[in-house]
Amino acid sequence: MSIPEAIKGAQAELAGVRSPLARVQRLAVYARIFAAELFGTVLAVPFGVRAYALHRSLPDARAAAGRAGTVSILRDVRYGARCRNVLDIYLPPNVQLPGSGDLLNCWTTASGADWHEGAGTAAGSAGTDAAAGADAGGSGGGAGGAAGFQAGGSGGEGGAAWAKAGGAPVVLLCHGGVWASGSKWHYAPLAARLAQAGVVTAVMQYSLYPQALVPQMVAEVSRALTWTMDAAPQLGGDAQKLSLVGHSAGAHVCTMALLHRALAASKAGNGPTTSAPPAVAAGGGDGSGAAAAAARSSQQLQRGAAPTAGGADAPMGDAEEAAAYADVRMPARLVGVAGVYDIGKHYEYEEARHVHKLSTMERAIGGNHRFPAFSPAVILANALRLD
């Protein structure tokens, strides 16, 4: 729960309560809810301290010295032009980035926007442009992923074994936070452990409510997916082994992003160009029905305008939305952790707990009339009924 946004929701609901007794009763309910939330936050403080300390203590992957045999990190890599369009990349031990100049500099927060302008408009464009002047041999599509990295040393996990396998597996992780909170450093322990196991792991951030509504968040996830697939070879990974992982609200926006991609592929008459669609979007496991299912429910994939006030980013326009889904490649799999896939059903659950007005879900979606359009379970169920 986002406490500031929950307070706004409570104030708005209390303003419509006429009876003083009813208002007192509602305040008592809110007091219990906020007390439980604050208690849970206090209990999570030790984990937060450990996660933040780990995130800050990991060595910078740009510095070759002092990182042999240990997980390293590229912080605040920019995948898009909006304020929160950054991600952290956790690299497995004994993997060295190719080169040390232009390729690394273009991945910094300060200059990454220049590279981003070409990303998302065509599959593979960003990674190819970025690597043009570098020693790395990888290309944006993800094939031949081992060409873009070097294995250093003989100890640790990963390294030379990946060269024989064609590149390391890759995870793109999208945080949760009721569409209104969350940060990439929260997931440092998980990301570091994955990197220890030999997985190139990117943890992304995206625009949050009230600066953005869910349609914009979904588009940003798609852009981050394109960026990660393009950059995978230069990071020692293989785009064809990429898993898209979302937690809570992140699971929801990840699922919606893949439905949009499937719809775009169906409209273009193409299937996914890199790997099979994720199993969650296909009844048969091979992903063959995902594009058709999304196409039959295209009227439900409505774009909502983001708010114009309260943030530095401009609302998402038609061109930006179209560019976000120009790339129709799919990850190898989608992993949703504690996600919300039927917004209407979850709203009923929130209502039963008296938190529906404190939660930002209804506001971030754009109103309850949009619940079916942003419920992956509803979209696919409707498509199956039309078969």
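Predicted, not measured: the structure shown is a model, and the values here were computed from it.
Formation of a donor-acceptor pair under 3.5 Å by the S266 side chain with backbone atoms of A262 is not found in this model. Distance alone, capped at 3.5 Å, is enough to place a donor-acceptor pair between the S375 side chain and the I343 backbone. Here the side chain of S57 pairs a donor or acceptor atom with the backbone of A53 at under 3.5 angstrom.
Here the two rings, on F47 and H186, have centers that are 6.0 Å apart or farther.
Residues that satisfy the side-chain hydrogen bond (donor to acceptor under 3.5 Å, both in side chains) test with S248, not counting sequence neighbours, are absent from this structure. Residues passing the side-chain hydrogen bond (donor to acceptor under 3.5 Å, both in side chains) test with H356: none are found, sequence neighbours excluded. Take A251 and apply the side chain to side chain contact (heavy atoms under 4.5 Å, CB included) test, not counting sequence neighbours, and it matches Y341. Annotation: side chain to side chain contact (heavy atoms under 4.5 Å, CB included) contacts of R363 (sequence neighbours excluded): E5, K8, Y209, T360. Applying the side chain to side chain contact (heavy atoms under 4.5 Å, CB included) test to L38 and every residue at least two apart in sequence or in another chain returns nothing. Shown here are the side chain to side chain contact (heavy atoms under 4.5 Å, CB included) partners of L43, two or more places apart in sequence or in another chain: F39. Take Y187 and apply the ring pair (Phe, Tyr, Trp, His ring centres under 6.0 Å) test, not counting sequence neighbours, and it matches H247.
Using a 4.5 Å heavy-atom cutoff, the side chains of P215 and F374 are in contact. Side-chain contact between L258 and L225 is present, with heavy atoms from C-beta onward closer than 4.5 Å. Proximity of P376 to M256: side-chain heavy atoms (C-beta onward) are separated by under 4.5 Å at one or more points. For the pair Y90/L194, no side-chain contact is recorded, criterion being any heavy-atom separation below 4.5 Å from C-beta on. A heavy-atom distance below 4.5 Å is not found between the side chains of V170 and D238. In this structure, Q205 and L87 have side chains that are not in contact, with every pair of non-hydrogen atoms separated by 4.5 Å or more. In this structure, Y206 and M217 have side chains that are in contact, with non-hydrogen atoms separated by less than 4.5 Å. Side-chain contact between K184 and R84 is absent, with no heavy-atom pair separated by less than 4.5 Å.
Screening residues 196-207 for salt bridge (Lys or Arg N to Asp or Glu O under 4.0 Å) gives no qualifying pairs among residues at least two apart or on separate chains. Residue pairs meeting the side chain to side chain donor-acceptor pair (under 3.5 Å) criterion with at least one member in residues 38-55, sequence neighbours excluded: H55-D88. The salt bridge (Lys or Arg N to Asp or Glu O under 4.0 Å) analysis of residues 210-220, with sequence neighbours excluded, yields the pairs R82-E220. Pairs passing the salt bridge (Lys or Arg N to Asp or Glu O under 4.0 Å) check and including a residue from residues 251-265, sequence neighbours excluded, read R261-D327. Among pairs with a residue in residues 347-359, those fulfilling salt bridge (Lys or Arg N to Asp or Glu O under 4.0 Å) read K357-E362, at least two apart in sequence or across chains.
Of the residues listed (L242, T201, L244), the one engaging V171 in a side chain to side chain contact (heavy atoms under 4.5 Å, CB included) is T201, and it is the only one.
Two different hydrophobic clusters hold Y349 and M361 under the rule that ILVMFWY side chains link at heavy-atom gaps under 4.5 Å.
Here the shortest heavy-atom pairing between W179 and H252 reads NE1-ND1, 3.4 Å. The heavy-atom pair separating A51 from W185 by the smallest distance is CB-O, 3.8 Å. When all heavy atoms of L91 and V200 are compared, the pair lying nearest together is CD2-CG1, 4.1 Å. When all heavy atoms of R62 and V77 are compared, the closest pair comes out as NH2-CG2, 4.4 Å. Minimum heavy-atom separation, A239 to A232: N-CB, 3.9 Å. Taking every heavy atom of both residues into account, A373 and I379 meet most closely at O-CD1, 3.6 Å.
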Stepwise side-chain contact (heavy atoms from CB on, under 4.5 Å) check, C174 with V245: CA-CA 6 Å; C174 183; V245 180; over 6 Å; no

Verdict with reasoning, D60 to I73, per side-chain contact (heavy atoms from CB on, under 4.5 Å): CA-CA 5 Å; D60 192 324; I73 186 172; 5.7 Å; no

Intermediate values then yes/no, side-chain contact (heavy atoms from CB on, under 4.5 Å), V214 and R370: CA-CA 11 Å; V214 166; R370 284 181 152 174; over 6 Å; no

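There is a side-chain donor-acceptor pair under 3.5 Å between S243 and R333.
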